[in-house]
Amino acid sequence: MKVLKFGGTSVGSAERMKNLVALIRSNEPKIVVLSAMSGTTNALVEISNALYAKENNKAKTLIDSLEKKYESVLKELYSKESSMNKGKELVKNHFEFIRSFTLDMFTANEEKAILAQGELLSTAIEHFYLEEIGIDSVLLPALNFMRIDKNDEPDMKYIEENLKAELKKHSGKNLFITQGYICRNAFGETDNLKRGGSDYTATIIGAALSAEEIQIWTDIDGMHNNDPRIVEKTFPVTELSFDEAAELAYFGAKILHPTCVLPAQKRKVPVRLLNTMQPQAKGTVITDKIQTDRITAVAAKDGIIAIKIKSARMLLAYGFLRNVFEIFERYKTPIDMITTSEVAVSVTIDNDKNLDSIIKELQEFCTVEIDKDQTIVCVVGNFSADKLGYASRILDSLKNIPIRMISYGGSENNISVLVDSKYKKDALISLNKGLFGL
Ligand code: ADP
Ligand code: ASP
Ligand code: MG
């Protein structure tokens with residue numbers, strides 16, 4: 001079994017939905033995971049924001065215009081009346097459901113139900129198209145098997161059992177279509193795997209079935225050595241280890257959802273990143289093969305908050321760091337970077353939900369300084385401690401950029417620096433020059 005995931009742009013228009021057929025029509029068994037059509041999830045977020053703000057007329061206008069977009073996709077996609085009727089019925093039902101929220105209370109649960117509509121629409125629309133052109137496919141409802149636990153982690157045991165049970169219902173079939181991103185939570189409610197989560201769906205399914213391969217089809221020819229949205233000259237990296245890919249995804253390489261590498265890594269299922277617009281391009285393959293001694297790529301993660309925690313009591317004391325970490329643990333706030341000196345420790349977080357409470361508790365035993373709008377610039381590769389020169393090459397490349405923190409030696413795969421977000425672009429360009437000569 002292979003798992004193939006197609007992102008928003010890959011299903012972003014009627015034409016793209018038609019082009020998908022060439023990539024999925026072979027007879028080998030496969031599960032195809034689809035995202036919502038590009039722009040849909042953003043539009044659903046905008047609708048939800050209007051509903052939160054009780055701007056119901058604005059929400060209605062946004063809903064109407066999104067519905068019109070879908071109606072025109074149907075017209076372009078289907079040529080048979082029977083598929084057209086099915087498509088119209090589908091779109092009508094989903095938009096009636098979205099519209100129903102303009103009449104009632106709006107909370108986070110309703111928002112999650114709205115956000116799920118994009119993937120439910122794209123998968124059914126593609127499924128009807130395959131039916132129209134005579135390709136047999138099964139629409140697998142992700143909400144019947146994809147589930148997160150109370151810590152928002154995928155419930156792998158539940159997923160494996162229920163996915164296998166769903167597949168068993170259709171023995172002899174080879175082509176399955178399912179929704180990325182959406183799932184149920186520990187209470188059985190509709191939920192999601194966070195933005196970009198369709199990648200995660202694909203790797204969770206791939207791991208649950210110990211698939212032969214997971215393919216992530218997107219709009220670029222693999223993982224590039226630097227952020228192509230910011231830096232002009234970048235190139236695809238043909239091979240990555242799971243560790244390198246996990247660091248790049250976590251530290252901002254948008255091509256992969258931040259935690260989607262982990263399930264594939266656990267079961268050693270190779271992940272291939274491929275380009276829908278250029279299917280012959282080699283792309284990137286992610287495996288457990290490690291290439292030693294190299295600088296592989298650079299990524300950047302925005303929205304970081306630096307917290308400097310200072311206390312004279314830290315000097316020669318033990319137990320201080322534990323007290324600090326316990327506070328972050330209590331508020332379920334992960335720390336990304338950490339640097340220490342004799343009297344101070346600086347940490348970074350990317351989630352300010354409980355920042356005020358964390359500061360208050362820290363202030364009971366130390367002074368606290370906060371810097372917002374920071375960016376972690378992360379250089380990923382394989383830097384064994386006995387090799388010379390990596391840190392100096394990185395720091396030399398960044399000699400004209402003010403650096404707030406440096407983290408080196410935490411793992412052999414990552415050297416990170418923290419800069420004010422206003423220096424991010426310069427930092428990425430300087431590293432491209434200094435490390436890759438571009
Ligand atoms: P999809 O909708 O298919 O999931 P995404 O927009 O989530 O696609 O991810 C693909 C995009 O990720 C690319 O178009 C590119 O702009 C961006 N990106 C950011 N960093 C990288 C990188 N290091 N390599 C490749 N793409 C990257
Ligand atoms: N549709 C969702 C999003 O836009 C999930 C995904 O595309 O991966 O975030
Ligand atoms: Mg994505």
Side-chain angles (χ1 to χ4, degrees), residues 4-13 16 20 23 32-46 48 66 111-112 114-123 142 146 178-183 191-205 214-238 240 244-261 271-278 281 283-284 286 296-302 377-381 424-425 428 431-432 436 438:
L4 283 72
K5 175 258 171 176
F6 293 89
T9 21
S10 306
V11 290
S13 64
R16 295 236 170 279
L20 214 64
L23 303 171
V32 173
V33 176
L34 300 184
S35 293
M37 298 180 76
S38 57
T40 296
T41 311
N42 285 346
L44 295 172
V45 169
E46 216 185 327
S48 303
L66 188 62
E111 179 180 16
K112 286 170 179 170
I114 285 194
L115 293 184
Q117 301 310 305
E119 274 70 11
L120 291 169
L121 279 162
S122 64
T123 45
M146 193 54 73
T178 194
Q179 300 84 25
Y181 178 59
I182 65 174
C183 62
D191 210 316
N192 60 65
L193 301 173
K194 312 261 160 58
R195 295 305 305 270
S198 300
D199 302 331
Y200 206 14
T201 303
T203 57
I204 291 168
I205 291 178
I214 299 158
Q215 300 179 353
I216 308 278
W217 289 85
T218 182
D219 56 6
I220 188 163
D221 54 347
M223 176 73 78
H224 278 222
N225 72 308
N226 205 329
D227 193 327
R229 294 167 298 179
I230 294 170
V231 178
E232 238 172 69
K233 291 182 207 147
T234 61
F235 59 86
V237 180
T238 49
L240 281 177
E244 289 174 317
E247 300 264 15
L248 287 166
Y250 186 73
F251 286 106
K254 191 191 171 228
I255 185 169
L256 289 174
H257 172 280
T259 53
C260 79
V261 178
V271 181
R272 210 175 275 282
L273 310 181
L274 295 158
N275 187 350
T276 329
M277 278 47 122
Q278 241 180 289
T284 299
I286 305 167
T296 312
V298 180
K301 185 174 172 185
D302 294 323
V377 175
C378 172
V379 180
V380 166
K424 164 184 160 175
K425 185 173 178 186
L428 291 181
L431 286 168
N432 221 41
F436 304 102
L438 296 168

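Both ligands and their constituent atoms are indexed starting at 1 by order of listing.
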Which one of Lys424, Lys425, Lys254, Arg229 satisfies the salt bridge (charged side-chain N to carboxylate O under 4.0 Å, His left out) criterion with Asp302? Lys424
For Ile220, the ligand 1 atoms with a heavy-atom partner under 4.0 Å come out as 13 (C), 25 (C), 26 (N)
Give me the residue, atom name and distance of the protein heavy atom closest to atom 12 (O) of ligand 1. Ile255 N, 3.4 Å
Quick one: does ligand 2 sit under 4.0 Å from the side chain of His257, the backbone, both or neither, non-hydrogen atoms only? neither
Under 30°, 30 to 60°, or over 60°: which ring-plane class applies to Phe235 and Phe436, parallel, tilted or perpendicular? perpendicular
Indicate yes or no: does an N/O atom of Tyr181 lie under 3.5 Å from an N/O atom of ligand 2? no
Under 3.5 Å, N or O to N or O, is Ser198 touching ligand 2 that way? yes
Within 4.0 Å of some non-hydrogen atom of Ser35, the atoms of ligand 2 are 6 (C), 7 (O), 8 (O)
Counting only heavy atoms closer than 4.0 Å, does ligand 1 sit against the backbone of Thr234, its side chain, both, or neither? neither
Looking only at distances, can you tell me whether any N or O atom of Gly196, backbone or side chain, sits closer than 3.5 Å to an N or O atom of ligand 2? yes
Hey, are the side chains of Lys5 and Ile214 touching, using non-hydrogen atoms and a 4.5 Å cut-off? no
Would you say Leu438 and Glu232 make side-chain contact, with heavy atoms under 4.5 Å? no
How far is atom 3 (C) of ligand 2 from the closest protein heavy atom, and which atom is that? Arg195 NE, 3.3 Å
Tell me which one of Met223, Arg195, Arg229, Lys5 gets a heavy atom nearest to atom 16 (O) of ligand 1. Arg229
Any donor-acceptor N or O pair under 3.5 Å, side chains His224, Asp221: yes
Give a yes/no verdict on whether any heavy atom in Pro228 is under 4.0 Å from an atom of ligand 1. yes
Which ligand 1 atoms are under 4.0 Å away from a heavy-atom of Gly222? 24 (N), 25 (C)
Does ligand 2 have any atom sitting under 4.0 Å from a heavy atom of Gly197? yes
Close side-chain approach of Asn192 to Lys112, heavy-atom, < 4.5 Å: yes
Contact between ligand 2 and Lys194 is defined here as a heavy atom of the residue under 4.0 Å from a ligand atom; is it met? no
Atom 2 (O) of ligand 1 sits nearest the protein heavy atom Gly8 N, 3.1 Å
Any side-chain heavy atom of Leu23 sitting closer than 4.5 Å to one from Leu274? no
Give me the residue, atom name and distance of the protein heavy atom closest to atom 5 (P) of ligand 1. Lys254 NZ, 3.7 Å
First locate atom CD1 of Ile255, then atom CG of Asp227, and finally report the distance between them rounded to the nearest 0.5 Å. 10.5 Å
Once you restrict to heavy atoms under 4.0 Å, what part of Met37 touches ligand 1? Side chain, backbone, both or neither. neither
Report yes if the side chains of Asn225 and Asn432 come closer than 4.5 Å at any heavy-atom pair, otherwise no. yes
Non-hydrogen side-chain atoms of Leu256 and Met223 separated by less than 4.5 Å: yes
Would you say the side chain of Val377 lies within less than 4.5 Å of the side chain of Leu428, judging by non-hydrogen atoms? yes
For Thr218, which part has a heavy atom under 4.0 Å from ligand 1: side chain, backbone, both, or neither? both
Compute the minimum heavy-atom distance from Leu248 to ligand 1 and say whether it is under 4.0 Å. no
Min side-chain heavy-atom separation Val380-Leu240 under 4.5 Å: no
Tell me which protein heavy atom sits closest to atom 13 (C) of ligand 1, plus the residue, atom name and distance to 0.1 Å. Asp219 OD1, 3.4 Å
In the protein, which heavy atom is nearest to atom 23 (N) of ligand 1, and how far is it? His224 O, 3.3 Å
If we number the atoms of ligand 2 from 1 as shown, the ones under 4.0 Å from a heavy atom of Glu119 are 1 (N), 2 (C), 5 (C)
Ignoring hydrogens, what is the shortest heavy-atom contact between Gly7 and Ser35? Give both atom names and the distance. CA-OG, 3.5 Å
d(Ser198 OG, Glu119 CD) to nearest 0.5 Å is 4.5 Å
Say whether Thr41, considering both its backbone and side-chain N or O atoms, lies within less than 3.5 Å of an N or O atom on ligand 2. yes
